[in-house]
Chemist: 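Here it is: the structure, laid out below.
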Amino acid sequence: MRYKASDTNATNAEIKPHFNVVNGSDASVSLSELTIRYYYTLEPNGSQSEVFHCDYAFVGCGKVSGAFMTTSGANADHYLQVSFSGADVLAPGQQSGEIQARYNKSDYASYDETNDYSFDPTKTSFTEWDRVTLYHNGTLVWGVEP
Ligand SMILES: [Ca+2]
Ligand SMILES: [Ca+2]
């Protein structure tokens, strides 16, 4: 699981994690069986309703969905869950290509990303990152949960 912080400003109104899934197993995997979690804390200011955008995906943004879930853990009370539809299959060693996610509060109130588990503004190019987790049919296959 590779991650890139496309927006390194930790106190503005947008969070822009980019992802690239690499199939490190020795079996082919359907993209629709995979989900990604990006963990953060949601600040109490402004709207608590959030909006997901896919700015670009190699597989096509029409196959990429984002949902906001609650959780608990160090520096995490929510996560963005990215899931996929369609028939794309990742062969062993194959990458999904870039998935450019972005989200904001519905009223564009600011976030504080300095306390977000998955945020790392030093990763400005795609880098393996174990604080973004990946699941295959719901089973953790990459990363460390908060
Ligand atoms: Ca930001
Ligand atoms: Ca936060």
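All figures in this text were calculated on a predicted structure; none of them were measured in a lab. Both counts, for ligands and for their atoms, begin at 1 and track the order of listing.
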Chemist: Looking from the Ca ion (ligand 2), what is the angle between OG1 on Thr41 and OD1 on Asn115, to the nearest 10°?
Modeler: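 Answer comes to 70°, rounded to 10°.
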Chemist: Is there a donor-acceptor contact under 3.5 Å linking the side chains of Asp116 and Asn75?
Modeler: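 Not at all, the side chains of Asp116 and Asn75 share no donor-acceptor pair under 3.5 Å.
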Chemist: From the N, O or S atoms in Glu43, identify the one nearest to the Ca ion (ligand 2).
Modeler: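 Answer by atom name: OE2.
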Chemist: By atom name, which N, O or S atom of Asp116 is the nearest to the Ca ion (ligand 2)?
Modeler: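 Sorting the N, O and S atoms of Asp116 by distance to the Ca ion (ligand 2) puts OD1 first.
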Chemist: So does Arg131 pair up with Asp120, basic N to acidic O under 4.0 Å?
Modeler: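 Judged by the 4.0 Å cut-off on N to carboxylate O distance, Arg131 and Asp120 do not form a salt bridge.
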Chemist: Short check: any N/O/S atom of Asn12 below 3.0 Å from the Ca ion (ligand 1)?
Modeler: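 It does: Asn12 brings an N, O or S atom closer than 3.0 Å to the Ca ion (ligand 1).
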Chemist: Considering only NZ, NE, NH1 and NH2 on the basic side and carboxylate oxygens on the acidic side, decide whether Arg102 and Glu14 come within less than 4.0 Å.
Modeler: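 So Arg102 pairs with Glu14 through a salt bridge.
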Chemist: Is the Ca ion (ligand 1) less than 3.0 Å from an N/O/S atom of Asn9, whether that atom is in the backbone or a side chain?
Modeler: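 Asn9 does place an N, O or S atom closer than 3.0 Å to the Ca ion (ligand 1).
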Chemist: If you look at Asp7, which of its N/O/S atoms is nearest to the Ca ion (ligand 1)?
Modeler: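 This residue's closest N, O or S atom turns out to be OD2.
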Chemist: Restricting to N/O/S, name the atom of Glu113 that gets closest to the Ca ion (ligand 1).
Modeler: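 Going through the N, O and S atoms of Glu113 one by one, OE2 ends up nearest to the Ca ion (ligand 1).
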Chemist: Going by atom types alone, do Thr41 and Asp77 pair a side-chain donor with an acceptor below 3.5 Å?
Modeler: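 Looking only at side-chain atoms, Asp77 and Thr41 do not form any donor-acceptor pair under 3.5 Å.
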Chemist: For the residue pair Tyr111 and Phe119, is the inter-centroid distance of their aromatic rings smaller than 6.0 Å?
Modeler: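 Ring centroids of Tyr111 and Phe119 are no less than 6.0 Å from each other.
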Chemist: Taking just the N, O or S atoms of Asp112, which one is nearest to the Ca ion (ligand 2)?
Modeler: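 Among the N, O or S atoms of Asp112, the one closest to the Ca ion (ligand 2) is O.
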Chemist: Do the ring centers of Phe126 and Phe19 come within less than 6.0 Å of each other?
Modeler: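 Judged by ring-centre distance (under 6.0 Å), Phe126 and Phe19 do not meet the cut-off.
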Chemist: If you consider just the N/O/S atoms, which atom of Glu14 is the closest one to the Ca ion (ligand 1)?
Modeler: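 Per the distance ranking, Glu14 contributes O as its closest N/O/S atom to the Ca ion (ligand 1).
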Chemist: Out of His53, Lys16, Glu50, which residue meets the side-chain hydrogen bond (donor to acceptor under 3.5 Å, both in side chains) rule with Asn104?
Modeler: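 Checked His53, Lys16, Glu50 against Asn104; only one passes side-chain hydrogen bond (donor to acceptor under 3.5 Å, both in side chains): His53.
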